[in-house]
Amino acid sequence: MNDILKKEIDLLKDLPGCYMMFDSNNTIIYVGKAKNLKKRVSQYFLRIHTGKTAAMVSHVDHFETIITSSEKEALILEMNLIQKHHPRYNILLMDDKHYPYIELHKGIKDPYISIARNLKNKKSSYFGPYPSSSSAFEVINIINSLFPLRKCSSVPKSPCLYYHMNQCLGPCINKVQKEQYEEIIEKIESFLRGNNDEVIKKLKEKINEYSQNLDYENALEYKKRLDSILYINEKQNVEFLDKVDRDFIGFYTNENYVSLIILIYRQGLLIGKKKFFYELLGDINDFISDILIQYYQYNMLPKEIIISSKDICDILINYLNTTIIQPKIGKNIDIVNIATQNAQDYFSSYLQTNQNKESNEELLEKLGKLLNIPTPYHIELFDNSHLQGTNAIGAMVAYINGEEYKKMNRKFNIESYNKKDDISSMKEVIYRRYSRLKEENQQFPDLIIVDGGMTQIEAAKEILKKLDIKINLAGLVKDDKHRTRALMDESLNEIPIDDKSLFIFLTKMQDSVHRYAISTHIKKRNKSMFNSVFDDVKGIGEKRKELLIKQFPTLVDLKKASLEELEQFIPKDSAIELMNKLREL
């Protein structure tokens, strides 16, 4: 067991959820559920195993967890994750079958109830899911004994035993009125939604009665029925029957760092999560909003995004063409709370497991050997940030001896015609940075790292050749989900980053330049938005504009300002006009 696994195990919580085991290629090889994540996951590494389990554990490089609010949620989530990722060591649940539901067939002449695994009939109501067919049948048996719907799959020509036991209205020989069925259906739906206190009370009395008489067989039978009903009453938050695509956002911040979790629901099913960890720069609402805006430029935009912060909702509404929801009550707020708990858990886990034990010098030496260049003690990294071509920014972050040297960081307002073109932006930024260093006869870095693969490297090479400057060059290659997966040298050879410590080291540098690009973009965007807000407001010139921006650094802050607060900086008539303009945004 490596040091990272030990730290990850120590940080596990005594909470229900699912765990995903990854191999060294970051591929999910096993998915499991647990009532207690800490106890269950630690067993894999603290006990001796044989066969399939031993083989699986030997390939585990690291693991991740998703905390749920109940064991039932973990059970359903496990199935969704297995069917999405098809891990090599999961044998069960690999087909497309679903946990069973109870289907109430309503859109027919004589309604009835049955087991269902595919929720396709729009005229039916579905309840569940249940952990097994037997538990679903237990509930159906109780419903059949309480409510006189037909029990036959098709209506026979003569009455059956259920009719004589008063457990069926006998549509085979009687004409049952529609209103009579509607009343029974309403009662069944109410029962399946948890309004079953009277039934629970009677079952408990029966269990107690049989136990008192030492009739444990019947007591156990009634206990199974009771458990099935109690299962009805337990809420679960990993599945929606409406099959809508949703993302739930949770975040946690402490000591100028922020972790962010996106719980991803597709077709109503929770299928996984995305996680982010950054050093917090500037206003938390602007910072998280910009991370999400950048994220959805590369990832599918769902029909709904749910996040607890009203301020972030107000910002995202202006930039993302989808429904943004701040939940107040019900299932949505429950899931946002779970996302927030996962974010808090990831926060502590990240800080612990990503502490680097190797010295910066050792890591820089490894990087040099990997790229077949002298040890790069001075590295400059580049990234671009824009929103659909507006407020485009180029950013450069400098690292000296493995530590960020903020005095050397530079930002560039992109001036090229097509600001959406990242290649043109990269050429412009590289040219402006190194033509100036050459002109001023300053020292060049040992290594340039661009945020991208072949096209970005070729763009940088073209400019360096034009300037007649020789600097070692590399790129960070992304996968189809915009995550770093390898290095690329200036000869366009792709180099896997197998060393975990070096990967973390490079990711840290990449995160720094990305954060710097985002924060700079936010400032420019805010200034641009402010300029448009203040335009045409009588009495607000450049000096007063600068004063307002200094006092209210974000649009959210400005919207929160009262008339009295604005009057401290601008005339009353101007303040009223500005507030009216802000209300229209």
Side-chain angles (χ1 to χ4, degrees), residues 16-18 20 28 31 33 66-86 93-107 114-133 135-136 139 189 192-194 231-250 261-274 292 295-296 299-308 320-342:
C18 281
M20 294 152 284
I28 296 176
V31 171
K33 65 180 181 300
I66 299 178
I67 296 171
T68 60
S69 60
S70 70
E71 190 179 6
K72 176 182 179 182
E73 288 185 13
L75 178 144
I76 301 164
L77 175 58
E78 177 196 35
M79 181 200 64
N80 296 340
L81 291 172
I82 290 171
Q83 292 184 357
K84 175 179 170 58
H85 298 288
H86 298 284
L93 303 177
M94 293 287 269
D95 57 16
D96 292 329
K97 288 185 179 179
H98 208 289
Y99 282 108
Y101 283 76
I102 291 177
E103 181 178 2
L104 177 54
H105 301 261
K106 299 192 296 186
S114 68
I115 296 289
R117 292 184 184 272
N118 295 312
L119 319 184
K120 294 181 178 179
N121 192 340
K122 294 182 179 180
K123 294 182 180 180
S124 293
S125 292
Y126 295 94
F127 301 89
Y130 291 85
S132 65
S133 296
S135 60
V139 176
E189 289 180 329
L192 288 169
R193 290 192 182 103
Y231 192 86
I232 294 171
N233 299 343
E234 184 182 348
K235 291 194 300 181
Q236 62 89 7
N237 290 318
V238 297
E239 201 157 44
F240 289 84
L241 293 181
D242 57 14
K243 297 188 176 181
V244 170
D245 292 341
R246 295 180 174 91
D247 284 351
F248 288 84
I249 315 296
I261 293 290
I262 304 175
L263 294 181
I264 302 167
Y265 285 72
R266 294 296 177 261
Q267 290 292 298
L269 302 177
L270 175 58
I271 62 169
K273 69 177 181 181
K274 294 283 186 182
L292 294 172
Y295 170 78
Y296 286 114
N299 294 276
M300 173 186 166
L301 189 64
K303 188 174 182 180
E304 295 178 2
I305 296 174
I306 298 94
I307 189 166
S308 61
L320 299 179
N321 186 26
T322 191
T323 302
I324 314 292
I325 297 171
Q326 181 204 9
K328 301 292 185 183
I329 58 173
K331 188 170 184 176
N332 281 352
I333 193 69
D334 290 342
I335 302 176
V336 166
N337 289 338
I338 291 170
T340 302
Q341 187 174 18
N342 275 275

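Within the 4.5 Å cutoff, side-chain heavy atoms of Arg266 are placed close to those of Asp247. Looking at heavy atoms from C-beta onward, Ile324 lies in side-chain contact with Thr322 at the 4.5 angstrom threshold. Contact annotation: the side chain of Asp245 approaches that of Met300 to within less than 4.5 Å [non-hydrogen atoms, C-beta and beyond]. Proximity of Ile66 to Ile261: side-chain heavy atoms (C-beta onward) are nowhere separated by under 4.5 Å. Within the 4.5 Å cutoff, no side-chain heavy atoms of Thr68 are placed close to those of Ile338. Within the 4.5 Å cutoff, the side chain of Lys106 has heavy atoms near those of the Ser125 side chain. Counting heavy atoms from C-beta on, the side chains of Ser69 and Asp334 never come closer than 4.5 Å. Side-chain contact between Ile306 and Ile335 is absent, with no heavy atoms from C-beta onward closer than 4.5 Å.
Once rounded to the nearest 0.5 Å, the distance linking CG of Asn337 with CG of Asn332 reads 11.0 Å. Between the CG atom of Asp242 and the OH atom of Tyr265 there is a distance of 11.5 Å, given to the nearest 0.5 Å. Atom OG1 in Thr323 sits 10.0 Å away from atom CZ in Arg246 (nearest 0.5 Å). Rounding to the nearest 0.5 Å gives a distance of 10.5 Å between CG of Leu81 and NZ of Lys273. We find the CD-CD1 distance between Glu304 and Ile325 to be 4.0 Å, quoted to the nearest 0.5 Å. Atom CD1 of residue Ile262 and atom CG of residue Asn342 lie 12.5 Å apart, to the nearest 0.5 angstrom.
The two atoms that bring Ser308 and Val336 nearest to each other are CB-CG1, 3.8 Å, heavy atoms only. Residues Pro302 and Ile305 share a closest heavy-atom pair of CG-CG1, 3.8 Å. When every heavy atom of Gly17 is checked against every heavy atom of Ala74, the shortest pair comes out as O-CB, 3.5 Å.
The neighbour count for Asn321 CG, taken as heavy atoms of other residues, nucleotides or ligands under 6.0 Å away, does not exceed 12.
The aromatic rings of Phe240 and Phe248 lie parallel to each other, with less than 30° between the two planes, well short of the 60° mark.
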